[in-house]
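Accompanying notes for the structure given below.
Numbering starts at 1 and runs along the sequence shown.
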Amino acid sequence: MLTITFTPFPNLETERLLLRRVVPADVKEIFALRSNPETMKYIPRPLLKTDEDALEHIAMIDTKIDTNEGINWAITLKDNPKLIGIIGHYRIKPEHFRAEIGYMLLPDYHGKGIISEAVKEALRYGFQVMKLHSIEAVIDPDNQSSAKVLEKNGFVEEAHFKENEYYDGRFWDSVVYSILKK
């Protein structure tokens, strides 16, 4: 079984990006991400309604990091510390050497290759540092942009679960993509 620790917090860097810890000062950007019906369209979770909700979300991220249950990074451009998105490893299963990757980006930054660049670095960290054997992503089958990012980064579709999650009065399908350590 894996032993995973996120202490000290690992800041990551790519050609254009700095992936750093999400902090309470990111409250407005977290609120913008998670209160926007467009960015949350494929995520069966409630929209944030207040800054307090956003601060609670940041506190939940911190708790997962502090207990080594999950890690989220703020996606920022190197020349600007403002959070423009988040990426992380969730539902870590140390006994199976597996985790789930997830990400979100503010709409103004879509279509610029930012998520793909962040995914590459999160995969590197997951395989080389966390010592994962496989990483999965669970997406809505209608989220073609996310499917393209995953396929571009070497993920393959593993499964399509029909109406496997109930949220907000309807059943949602899920598609699972995965990638194995090379």
Side-chain angles (χ1 to χ4, degrees), residues 4-43 45 47-66 68-90 92 99-132 135-137 139 143-155 177 179 181-182:
I4 295 171
T5 181
F6 302 121
T7 306
F9 185 85
N11 289 319
L12 306 177
E13 207 172 305
T14 69
E15 184 181 330
R16 297 182 294 166
L17 307 175
L18 175 63
L19 306 181
R20 60 154 173 88
R21 191 158 187 162
V22 177
V23 296
D26 296 319
V27 64
K28 295 289 187 209
E29 291 78 18
I30 291 292
F31 181 77
L33 271 174
R34 298 199 62 102
S35 67
N36 182 335
E38 189 58 31
T39 59
M40 294 294 289
K41 178 164 62 174
Y42 301 116
I43 301 172
R45 300 289 178 273
L47 295 176
L48 298 184
K49 301 210 181 307
T50 65
D51 283 355
E52 187 59 40
D53 292 344
L55 286 169
E56 286 176 20
H57 188 75
I58 292 168
M60 181 269 304
I61 288 170
D62 275 340
T63 299
K64 298 278 188 204
I65 292 167
D66 293 343
N68 300 307
E69 293 177 57
I71 187 167
N72 268 287
W73 289 274
I75 301 171
T76 68
L77 298 172
K78 277 187 177 174
D79 62 357
N80 185 344
K82 184 183 122 171
L83 181 149
I84 61 171
I86 55 174
I87 188 165
H89 291 290
Y90 313 86
I92 299 170
E100 178 183 334
I101 194 171
Y103 41 81
M104 299 177 73
L105 193 66
L106 289 168
D108 288 352
Y109 298 91
H110 288 184
K112 298 175 183 346
I114 290 169
I115 284 295
S116 192
E117 190 172 326
V119 164
K120 280 180 180 55
E121 185 59 17
L123 290 177
R124 184 203 61 75
Y125 182 84
F127 289 133
Q128 292 180 11
V129 179
M130 292 172 65
K131 305 296 185 204
L132 297 170
I135 298 174
E136 68 182 27
I139 67 168
N143 191 344
Q144 290 304 304
S145 296
S146 195
K148 284 179 188 163
V149 164
L150 294 169
E151 290 164 3
K152 179 179 175 181
N153 283 284
F155 284 78
Y177 283 80
I179 186 170
K181 184 176 184 175
K182 293 179 178 74

Check: Is a side-chain N or O of T39 found less than 3.5 angstrom from the main chain of L33, in a donor-acceptor match?
Finding: yes

Next item on the list: Indicate the atoms forming the closest heavy-atom contact of L48 with F31, along with that distance.
Entry: O-CE1, 3.7 Å

Check: Angle class for the Y125/H89 ring planes (parallel below 30°, perpendicular above 60°, tilted otherwise)?
Finding: parallel

Note to self: Any non-hydrogen side-chain atom of V129 less than 4.5 Å from a side-chain atom of R124?
What the structure shows: yes

Check: Does the side chain of I179 reach to within under 4.5 Å of the side chain of N153, using non-hydrogen atoms?
Finding: no

Next item on the list: Flag the pair M104 / Y42 as yes when at least one side-chain heavy-atom distance between them is below 4.5 Å, and no otherwise.
Entry: no

Next item on the list: Identify the heavy atoms of M40 and R45 that sit nearest to each other, and give their distance.
Entry: CE-O, 3.7 Å

Checklist line | Flag side-chain contact, heavy atom, 4.5 Å: D26 against R20 | finding: yes

Check: Hey, is NZ on K78 packed in by over 12 heavy atoms from elsewhere, all under 6.0 Å?
Finding: yes

Note to self: Counting C-beta onward and ignoring hydrogens, is there a side-chain heavy-atom pair between I84 and L105 closer than 4.5 Å?
What the structure shows: yes

Check: Are more than 12 heavy atoms from other residues, nucleotides or ligands located less than 6.0 Å from atom NZ of K181?
Finding: yes

Notebook entry, point to check: Would you say the side chains of T14 and E117 form a donor-acceptor pair under 3.5 Å?
Noted result: yes

Next item on the list: Search all heavy atoms of Y103 against all heavy atoms of S146 and return the closest pair with its distance.
Entry: OH-OG, 2.6 Å

Next item on the list: List the steps and the verdict of salt bridge (Lys or Arg N to Asp or Glu O under 4.0 Å) for E151 and K148.
Entry: CA-CA 5 Å; E151 290 164 3; K148 284 179 188 163; over 6 Å; no

Check: If you look at every heavy atom in A74 and L83, which pair is closest and at what distance?
Finding: CB-CD1, 3.5 Å

Note to self: Atom NZ of residue position K120 - does it have more than 12 heavy atoms of other residues, nucleotides or ligands inside 6.0 Å?
What the structure shows: yes

Next item on the list: Compare all side-chain heavy atoms of I92 with those of M130 and state whether any distance is below 4.5 angstrom.
Entry: yes

Check: For the side chain to side chain contact (heavy atoms under 4.5 Å, CB included) test, which of I61, L55, D53 pairs with H57?
Finding: I61

Checklist line | L19 side chain reached by I75 side chain, heavy atoms, under 4.5 Å | finding: yes

Next item on the list: Report yes if the side chains of V149 and F155 come closer than 4.5 Å at any heavy-atom pair, otherwise no.
Entry: no

